[in-house]
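Just so you know, these numbers use all the heavy atoms, side chains as well, and skip hydrogens, waters and symmetry mates.
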Amino acid sequence: MIRVRFAPSPTGRLHLGNIRTALFNYLFARAQGGTFILRLEDTDRERFLPEYREGIIQDMRWMGLNWDEGPENNGPYGPYEQSERLELYQKYANQLIAEGKAYYCYVTQEETDEAKRIARLNRMPPRFDNRGRNFTQEEIEARKARGIKPTLRFKVENPQVKIHDLVRGDVEFNLDDMSGDFVILRADGTPTFHLAVCVDDALMKVTHVIRGEDHLSNTPKHILLIKAMGFEPPQYGHLSLIHGPGGEPLSKRLSTVSVGEFRRQGYLPEALVNYIAFLGWSPGDNREIFSWEELQKVFSLERVNKSSSIYDPDKLNWVNGQHLRLLSDEVFTQKALDYLQMQNLLPVGADVVRRVLPAFKDAIAKFDELPAHLGFLKSPLTYENAAWLQTPAAKTLLTEALALLPSLNWNDPLVYDAFIAALKPKVTVKGKELFMPVRVALTGKEHGPELKKLFPLLGQQFAAERFKSALGN
RNA sequence: GUCGCUAUCGUCUAGCCCGGUCUAGGACGCUGCCCUCUCAAGGCGGAAACACGGGUUCAAGUCCCGUUAGCGAUACCA
């Protein structure tokens with residue numbers, strides 16, 4: 001049974017990079033019939049904020065990344081928040097000490113920093129020399145007397161670690177070139193990330209760890225630790241990182257790529273998911289638009305590529321537009337309305353907006369473009385170019401149009417064609433001279449959706465009012 | 001600095017494992033035309049890439065080595 005997890009730390013909002021890691025885990029679990037776990041890594045209490053925790057949960061749900069086990073719905077291996085698992089980490093720390101696999105180290109942070117600085121100056125690996133391993137009892141007492149609180153370090157005995165990475169293939173590390181003995185319990189007694197992940201992954205029976213490439217060089221530490229605790233390490237797969245449009249790391253631009261921001265701008269979650277899935281993965285053929293369900297079927301870890309990619313808002317917009325166009329008018333209208341209501345963006349009453357919304361399905365890439373299109377519903381109308389309404393020909397045209405309205409069958413979706421057909425014989429103008437005054441009178445603008453589509457949605461009363469106002473202009 | 005990862009159009013990518021079918025395919029964006037009352041949407045075209053240098057081979061985008069560049073790690077953050 002495959003078990004994967006997504007383990008964000010509630011020290012910020014979820015962004016594109018995080019969510020892609022979550023998505024790939026989710027997709028892998030679904031494609032394989034496995035279990036998807038959400039785990040909150042909140043051991044860093046200094047940067048933790050409750051609203052980040054809530055934000056993560058909300059964002060995950062909005063995206064449709066529903067977890068089988070995790071906060072709020074629990075599961076057999078809970079709790080799923082590390083702050084509630086502290087005694088577990090302590091237990092395994094004690095076990096490692098008892099077995100001589102970890103030791104209390106009285107070396108101060110200043111000393112290790114200095115050692116690394118000097119190593120760097122000498123073009124040597126920036127590793128710590130493990131001097132705390134061999135302190136004499138007097139030395140330890142002396143340091144205790146100075147008020148130095150020890151950290152717990154894991155003894156690296158076999159620094160050579162081979163990894164078969166699910167996306168990168170074979171990678172080999174020598175921890176002697178990297179770190180030396182590493183801290184697993186801070187001086188204040190709290191576990192570091194390394195201890196916490198290893199204990200949790202082991203205890204939660206995680207089979208595949210799919211995470212960001214920034215963890216690739218932590219992996220040898222984790223493998224050693226997990227083995228030292230007597231568990232079998234999971235398989236690892238490291239996903240390349242996503243960068244911003246300028247090639248910069250994503251975290252620096254957090255606000256613009258946070259899930260909350262995409263939601264605020266009116267993207268469809270399934271479109272966002274579709275786009276993100278294609279950052280570093282492709283199905284191998286030329287298809288690009290996938291529904292949630294299809295994605296869950298076709299996704300495979302083997303087709304994830306190794307190189308990092310850049311987030312492109314233009315393409316996201318296109319994908320979103322494609323998904324929008326796939327929606328039925330009814331569903332589109334409901335989703336658009338929900339969005340406008342939630343964002344407090346309704347220009348007029350919801351019932352009026354609901355009627356005209358279908359006319360804009362092809363016009364937008366995302367919902368936040370709607371208010372600009374819908375502004376014309378507000379009365380009185382301000383005309384973008386009133387000149388279209390002020391010629392004598394236009395006056396005649398509008399008068400005739402107004403008179404025609406009651407005779408039309410407004411239940412006919414093609415009522416606009418009938419309207420124009422009836423209007424044409426009564427006026428001398430044609431083409432642009434005919435359509436523009438109608439368009440401007442109705443919407444105030446020279447550009448907009450097809451009148452053929454919009455006109456029937458407007459209704460007789462609305463059209464009449466608009467023609468009257470235009471005449472009085 | 002040290003260790004590691006990566007390298008196909010501006011961007012996302014197919015092709016690379018199993019060299020010839022690649023005068024390198026698709027998509028976004030850009031651009032021309034068509035449709036059209038407008039703006040979109042849609043349709044049909046166009047420009048646009050194998051980072052560089054060696055090697056292996058009859059043959060290299062595909063295999064090997066090096067260089068360069070980018071990224072990651074180098075924390076008592078995760």
Side-chain angles (χ1 to χ4, degrees), chain A residues 7-12 41-44 46-47 82 105 108-109 112-113 116 119-128 149-153 165 167-169 171-179 182-194 196-197 211-220 238 240-241 243 245 247-249 275 278-289 303 305-319 321 324-325 360-365 373 420 430-440 443 445-452:
Chain A
S9 62
T11 54
E41 308 216 322
D42 54 351
T43 50
D44 181 7
E46 283 181 27
R47 292 192 281 165
Q82 292 187 330
C105 174
T108 64
Q109 201 160 359
T112 61
D113 287 349
K116 283 171 191 169
R120 188 179 175 138
L121 277 177
N122 294 321
R123 302 179 143 242
M124 296 293 281
R127 52 157 300 176
F128 172 58
K149 293 257 184 291
T151 57
L152 187 68
R153 282 184 189 268
D165 190 275
V167 345
R168 257 141 242 286
V171 185
E172 201 170 340
F173 287 97
N174 186 343
L175 279 176
D176 280 348
D177 294 339
M178 298 166 70
S179 66
F182 54 92
V183 175
I184 56 177
L185 237 40
R186 300 185 188 103
D188 66 4
T190 60
T192 62
F193 157 74
H194 302 300
V197 227
R211 60 200 338 183
E213 197 195 354
D214 47 341
H215 288 301
L216 183 57
S217 42
N218 287 146
T219 306
H238 289 89
S240 60
L241 272 13
H243 302 272
E248 74 283 6
Y275 173 73
F278 276 73
L279 248 28
W281 172 85
S282 78
D285 52 38
N286 288 334
R287 291 176 300 164
E288 297 211 81
I289 302 301
R303 292 203 58 88
N305 54 225
K306 297 185 267 220
S307 51
S308 61
S309 48
I310 291 175
Y311 158 60
D312 177 12
D314 284 334
K315 185 127 189 187
L316 205 213
N317 286 343
W318 176 78
V319 172
L324 243 27
R325 256 130 253 159
F360 299 95
K361 201 170 80 174
D362 290 343
I364 59 166
H373 285 101
I420 292 297
K430 55 182 179 180
K432 219 169 178 169
E433 304 298 315
L434 171 73
F435 292 103
M436 267 306 166
V438 174
R439 170 176 293 284
V440 173
T443 69
K445 293 194 175 110
E446 294 177 276
H447 307 304
E450 283 178 69
L451 288 177
K452 185 172 176 168

Q | Pair assignment for B:C52, Watson-Crick or G-U wobble, requiring both distances under 3.5 Å | A | B:G66
Q) Is there a donor on the side chain of A:R120 or the base of B:G1 sitting less than 3.5 Å from an acceptor on the other? A) yes
Q) Expressed as a whole number of Å, how far does the C1' atom of B:C63 sit from that of B:G19? A) 8 Å
Q | Whole-Å distance separating the CZ atom of A:R211 from the P atom of B:A73 | A | 13 Å
**Q.** Counter-base of B:U57, judged by Watson-Crick or G-U geometry with both distances under 3.5 Å
**A.** none
**Q.** Sugar-phosphate, base or nothing in reach of A:F173, heavy atoms under 4.0 Å
**A.** sugar-phosphate
Q | Euclidean distance, atom CZ of residue A:R287 to atom P of B:C12 [Å, nearest integer] | A | 22 Å
Q. Can you tell me how far C1' in B:C52 sits from the matching atom in B:A69, rounded to whole Å?
A. 10 Å
**Q.** Watson-Crick or G-U wobble partner of B:C71, both distances under 3.5 Å
**A.** B:G4
Q: Using a 4.0 Å heavy-atom cut-off across all strands, classify A:H238 as base, sugar-phosphate, or nothing.
A: nothing
Q. With sugar-phosphate meaning primed atoms plus P, OP1 and OP2, does A:T43 contact a base, only sugar-phosphate, or nothing at under 4.0 Å between heavy atoms?
A. sugar-phosphate
Q | Any-strand Watson-Crick or G-U partner of B:A41, both distances under 3.5 Å | A | none
Q: Would you mind telling me which of B:G4, B:A14, B:A78 lies closest to the side-chain atoms of A:L216?
A: B:G4
Q: Calculate, to the nearest 0.5 Å, the distance between atoms CZ and CZ belonging to A:R153 and A:F182 respectively.
A: 10.5 Å
Q: Indicate, yes or no, whether a donor-acceptor pair under 3.5 Å links the base of B:C5 to the side chain of A:R168.
A: no
(Q) Heavy atoms only, 4.0 Å cut-off, all strands: where does A:K445 land among base, sugar-phosphate and nothing? (A) nothing
Q.
Using atom P in both nucleotides, what's the gap between B:C16 and B:G53 to the nearest angstrom?
A. 24 Å
**Q.** G-U wobble or Watson-Crick pairing nucleotide for B:C18 (cut-off 3.5 Å, both distances)
**A.** none
Q. Hey, does the side chain of A:S309 come within less than 4.0 Å of B:U13's phosphate (OP1/OP2), counting only N and O?
A. yes
Q.
Can you measure A:W318 atom CH2 to B:C28 atom C1' for me and round it to whole angstrom units?
A. 7 Å
Q: Flag the pair A:K149 and A:D188 as a salt bridge only when some basic side-chain nitrogen lies within less than 4.0 angstrom of an acidic carboxylate oxygen.
A: no
Q. Can you tell which of B:C5, B:A73, B:C37 lies closest to the side chain of A:S217?
A. B:A73
Q.
Please name the nucleotide paired to B:C28 by Watson-Crick or G-U wobble geometry with both distances under 3.5 Å, or report none.
A. B:G10
Q.
So, OP1 or OP2 of B:U2: does either fall under 4.0 Å of a side-chain N or O from A:N122?
A. no
Q.
Tell me whether the side-chain N or O atoms of A:K315 pair up with the base of B:A27 as donor and acceptor below 3.5 Å, since no angle test is needed here.
A. yes
Q.
Please determine whether any donor N or O and acceptor N or O are separated by less than 3.5 Å between the side chain of A:D113 and the base of B:A75.
A. no
